[in-house]
Every structure is written in C-alpha cells, then in structure tokens.
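Okay, so here's the structure we're looking at.
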Number of protein chains: 2
Amino acid sequence: MIQTCIPILEVHAMATLSKRDQLVKTATELFAEFGYHATGIDKILQQAGVSKKTLYHHFRSKDELILAVLRDYDSLFRNDFMKQVDNEADSPKGKLLGVYDVAERWFNSDDFFGCMYIKAIGEHSDPKSPFRDVCKQFKKLTRNYLEELCVEAGYRAAAELADQLALLLEGAIVTAQVSPEIDAARIARDAAEIIISAQEKKSH
Amino acid sequence: MIQTCIPILEVHAMATLSKRDQLVKTATELFAEFGYHATGIDKILQQAGVSKKTLYHHFRSKDELILAVLRDYDSLFRNDFMKQVDNEADSPKGKLLGVYDVAERWFNSDDFFGCMYIKAIGEHSDPKSPFRDVCKQFKKLTRNYLEELCVEAGYRAAAELADQLALLLEGAIVTAQVSPEIDAARIARDAAEIIISAQEKKSH
DNA sequence: CGCAAAGTATACCGATCTGTTTCCTTTGTC
DNA sequence: GACAAAGGAAACAGATCGGTATACTTTGCG
C-alpha cells in the first residue's frame, strides 16, 4: 500500500503493536493458560518474537511484567465485557441478565482458562503481594458495574443485589473452568433471575 | 508412659503419622498456601522432616504426590465439612443454610488460602491433566451433598437448587480468597435464603 | 541375634529459571 | 550522512528445579 498521508501512517502505527504491548499480550495469553510460575520468561520472549534485552528495557522484572499484564487486562476485559452486555439488551434488567449470556460466550471461547485474577491470587497468596490490590480492584469494579445496572433498573437494595449477582458470576467462572461440561452460566442466570424477581417484589 | 497393652500401642501408632502421611499433610499445607509450581520438593521435605529418598520411595514423582494430596484431601475435607454442617442445625433447611456458616468459619481460619482444586486446575489447565478428574470429582461430590440436603428438605427441584447453591458456595470461596474483607459467606447465605424461599413457594 | 526393609544425609545430574552482559544491527531524526 | 536510541542474538551467571545414586543408620520382626 502506498503511504499517501500522515494519518494513515499513524493509524497503521497504532494497529501494529509496540514491543511492549506485544510482550504484555503474549504474556497475558500464556499466563492465562499455563499460570504465572509455570510460564517462563523465555517462552514469552520466543512466542512474542522479542529479545530478552527488550523485555528488561520495558520491565524491571517478571513480577513487573505480571503487574502490567494484570493492569492492562483490567480495562481491556471490562470494556469489552460491558460493551457486549450493552448490545445484549436494552432494558436495565435485560442487561443484568445479559451479563450471564456474555459470560457463557466467554466460557465457550477457545481462550477461556478461568479468571486471571483468581489465578494470580492462587499463586501469590501473600496479602501484601503487589498483585493483591490489582485483583481486588478488578473484582470491585466488576461488582460496582453490576450495582450500576441494578440502580438503573430501579432496585432499592442495589448494593446487596450486586453483591449476590457478583458472587454468582464468580461461581460460574470457576465452575466453568473446573467442569466445562456444566452449563455454569445458565445456572447462574437462573439463580440471578430468582434473586432479581424477589427484589422486584420487595421494591413494590 | 508405660506401655501396658497392645491396643494402646496401636492407637499411638495410628496417632503418629506415617512418613507418607507426613509428606502428604505437609505438601497439602504448602501447596494450598503457595501453589503447586511455586512449592519445591526440597521445601516439602525440609518442613516434613523427611528425606528425599523416602519421598521417591512412596511416590514416583512430584505429580503423583500432588495427586495423592488431592485425593486424600477430598475425603478429609468433605468429611470434616459435613460433620460440621450436621452440628450446625437439626432441620434439613437449617443444615442447608448452615453450609455457609461453616464456610464462613473456614474462610476466617488462618490456613484458608482458597480452594485447592480450583488452584490445581488454575495451574494445570490441560483438560487431559490427571488432576482434572480429581478436581471435577470433588466439585461433583460437594454439589451432590447439597442435593441430598435439598432432597431431605423435600424440595421438588432439588437438582436445580443444588446447582445454584453450589455456584454460590464456589463464588463465596473465591471472593473470600481474593477479597478477605468482604463477608462472602454472609452474601452467599442471604442469596441462598432467597433462592430456597422461592423454591418453597413453588413446592406448595 | 540377624536380616531385610525403611529411613537419613548428602552429593550429584541435567535441565530450567530469572536476570545480566556483550557485541552487533536496525531505525528514526536532526 | 551522522549519531543516538532501540532492538536482536547469544553467551553467561547463580540459583533452583525434579530426580537419582551412594553410603550409612535405624527399625521391625521372626
């Protein structure tokens, strides 16, 4: 393609990932599938097509790469998830239940290996680990998103409802991870419907 | 103490763990806290006070030790859990809700680091991994236990109810693991109560 | 007692781990 | 075209990994 103007170049430059982003993306995929300790630096470098020197130019250590992975994935995943939920339904209640439909597609995708943050805490149980805050933050933001949907739907006890719906989502994620043959998303959706219905009767 | 008769000797011999059980017990604790890949053989041996030769006399490899850990823990944990639930209440419904009270005590204990099986799958995502079956089996047996309680309580849709209550329990476990300051057990219990109540209204 | 099984302690093996260093090439910019 | 920054390839370091081998000691039991 002939480079005709600057904007095209810029767009192209953005579409082509920087070395740093290549590293983070590859590391995300490998960490998700094989775990953090089991994934060596060399495997990431080989698969990303990046040299070791470049890695340690962008990150001080493997732990900092992990931290970058967790931070980047946080916004990426939630943005994509929320966008899909938005397309799932128009009504707030429909979106609330749509959460579990989007989750079901996620569970059935080829690159589903459970939640990166649960996995991270599972391998780094120290409460003072730098990963702890990022993981808690992700779970908190996800729960708050559910609360927003509850508020939009006009439910009085939005906080309590969000807590319970978040718990169902977590349970569905780990169940789908351990036992893929169980339709965990549908179970969670059914339970969510019951809990929401009970809330609606109270709100009247 | 003077050894007066055979039975006492036998009881004492059973109370003193065999080398194999010492290994499994120590490995269980370390795997639970630090994960499977991060826990080296040498650390287990040192903490168990057992030599390396003895380990490889009882187990062919680290993976077989992990397998033994998962298998032993399955019956040990569920037996203890069910016994505690039994003492929690007399009525079937009380026991059903008591599950989450027992879980709360578990979450608040010093040696709570999440579910060993979720952790195992998180570090060994290969569907053909020998760990997969043990983990799925544990989850299945736990769910079936909940279904038994539902049947005893006389709920018609015991299977569906058990699926949902199991999901809530899973969600509570990972939430308590990632965010200890959240009272995940109480949230799960509240949600369980709502789901059970809805079931009771249908069953009439 | 005497013997075999089980145990300890320790050195060792090859592989792999994170991280550093060296030397050379590419690339973007003034 | 020159120069500095970034990147690549590969050797290297020190530690640790899972697992084996050797030599000695303890223990249970007929």
Side-chain angles (χ1 to χ4, degrees), chain A residues 3 5-6 8-14 16-27 30-31 33-69 120 123-124 126 129-131, chain B residues 3 5-28 30-31 33-70 120 123-124 126 129-131:
Chain A
Q3 298 159 356
C5 62
I6 302 293
I8 287 183
L9 279 173
E10 282 180 357
V11 166
H12 195 266
M14 285 210 276
T16 303
L17 292 178
S18 69
K19 294 290 174 183
R20 184 221 175 256
D21 289 346
Q22 272 180 263
L23 277 170
V24 171
K25 188 190 169 203
T26 306
L30 290 173
F31 288 150
E33 179 163 3
F34 303 106
Y36 298 87
H37 284 95
T39 303
I41 289 288
D42 292 334
K43 200 192 287 179
I44 298 171
L45 295 175
Q46 181 196 342
Q47 188 152 323
V50 168
S51 75
K52 202 173 253 191
K53 186 168 188 179
T54 303
L55 190 160
Y56 286 101
H57 171 73
H58 287 290
F59 307 99
R60 287 196 209 167
S61 63
K62 183 187 181 183
D63 275 8
E64 287 218 359
L65 172 61
I66 295 177
L67 217 49
V69 163
E123 294 194 44
H124 305 89
D126 183 2
S129 161
F131 308 140
Chain B
Q3 298 157 358
C5 64
I6 302 295
I8 287 182
L9 279 173
E10 282 179 2
V11 166
H12 194 266
M14 286 209 276
T16 303
L17 290 177
S18 70
K19 294 291 174 182
R20 185 220 176 255
D21 289 347
Q22 272 180 261
L23 277 169
V24 171
K25 188 190 169 205
T26 306
T28 303
L30 290 173
F31 288 151
E33 178 162 4
F34 303 106
Y36 298 87
H37 284 95
T39 302
I41 289 289
D42 293 333
K43 201 194 284 182
I44 298 172
L45 295 174
Q46 181 197 343
Q47 188 153 323
V50 167
S51 74
K52 201 173 250 190
K53 188 167 189 181
T54 303
L55 190 159
Y56 285 102
H57 172 73
H58 287 288
F59 306 99
R60 286 194 208 169
S61 63
K62 183 187 181 182
D63 275 9
E64 287 219 358
L65 173 61
I66 295 178
L67 218 48
V69 163
L70 294 177
E123 294 194 44
H124 305 88
D126 182 3
S129 161
F131 307 140

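Each chain gets a letter, A, B and so on, in the order its sequence line appears, and its residues count up from 1.
No side-chain heavy atom of Leu67(B) sits under 4.5 Å from any side-chain heavy atom of Phe59(B). Inter-residue side-chain proximity for Leu30(A) and Tyr36(A) is flagged as unmet; no heavy-atom pair is nearer than 4.5 Å. Side-chain contact between Thr26(B) and Leu45(B): absent, with no pair of heavy atoms (C-beta onward) separated by less than 4.5 Å.
Remark: His124(B) pairs with no residue by the side-chain hydrogen bond (donor to acceptor under 3.5 Å, both in side chains) rule, at least two apart or across chains.
Nearest heavy atom pair, residue Val24(B) against residue Val69(B), reads O-CG2, 3.8 Å. The minimum heavy-atom distance between Ala68(B) and Arg20(B), with the atom names listed, is CB-NH2, 3.8 Å.
Along DNA chain C, the stretch of nucleotides lying under 4.0 Å from any heavy atom of chain B spans, 5' to 3', dA6(C) to dT8(C). On the nucleic acid side, DNA chain D contacts chain A at distances under 4.0 Å to non-hydrogen atoms, with the end points of that region at dA6(D) to dG8(D).
Scanning residues 47-63 of chain B for heavy-atom distances under 4.0 Å to DNA chain D yields Lys52(B), Lys53(B), Tyr56(B), Ser61(B), Lys62(B).
Listed by first then second residue, pairs satisfying side chain to side chain donor-acceptor pair (under 3.5 Å) with a partner in residues 39-50 of chain A read Asp42(A)-Lys52(A), not counting sequence neighbours. Listed by first then second residue, pairs satisfying side chain to side chain donor-acceptor pair (under 3.5 Å) with a partner in residues 54-64 of chain B read Ser51(B)-Thr54(B), not counting sequence neighbours.
Here the side chain of Glu123(A) pairs a donor or acceptor atom with the backbone of His37(A) at under 3.5 angstrom.
Annotation: the span from Glu33(A) atom CD to Asp126(B) atom CG amounts to 8.5 Å, rounded to 0.5 Å.
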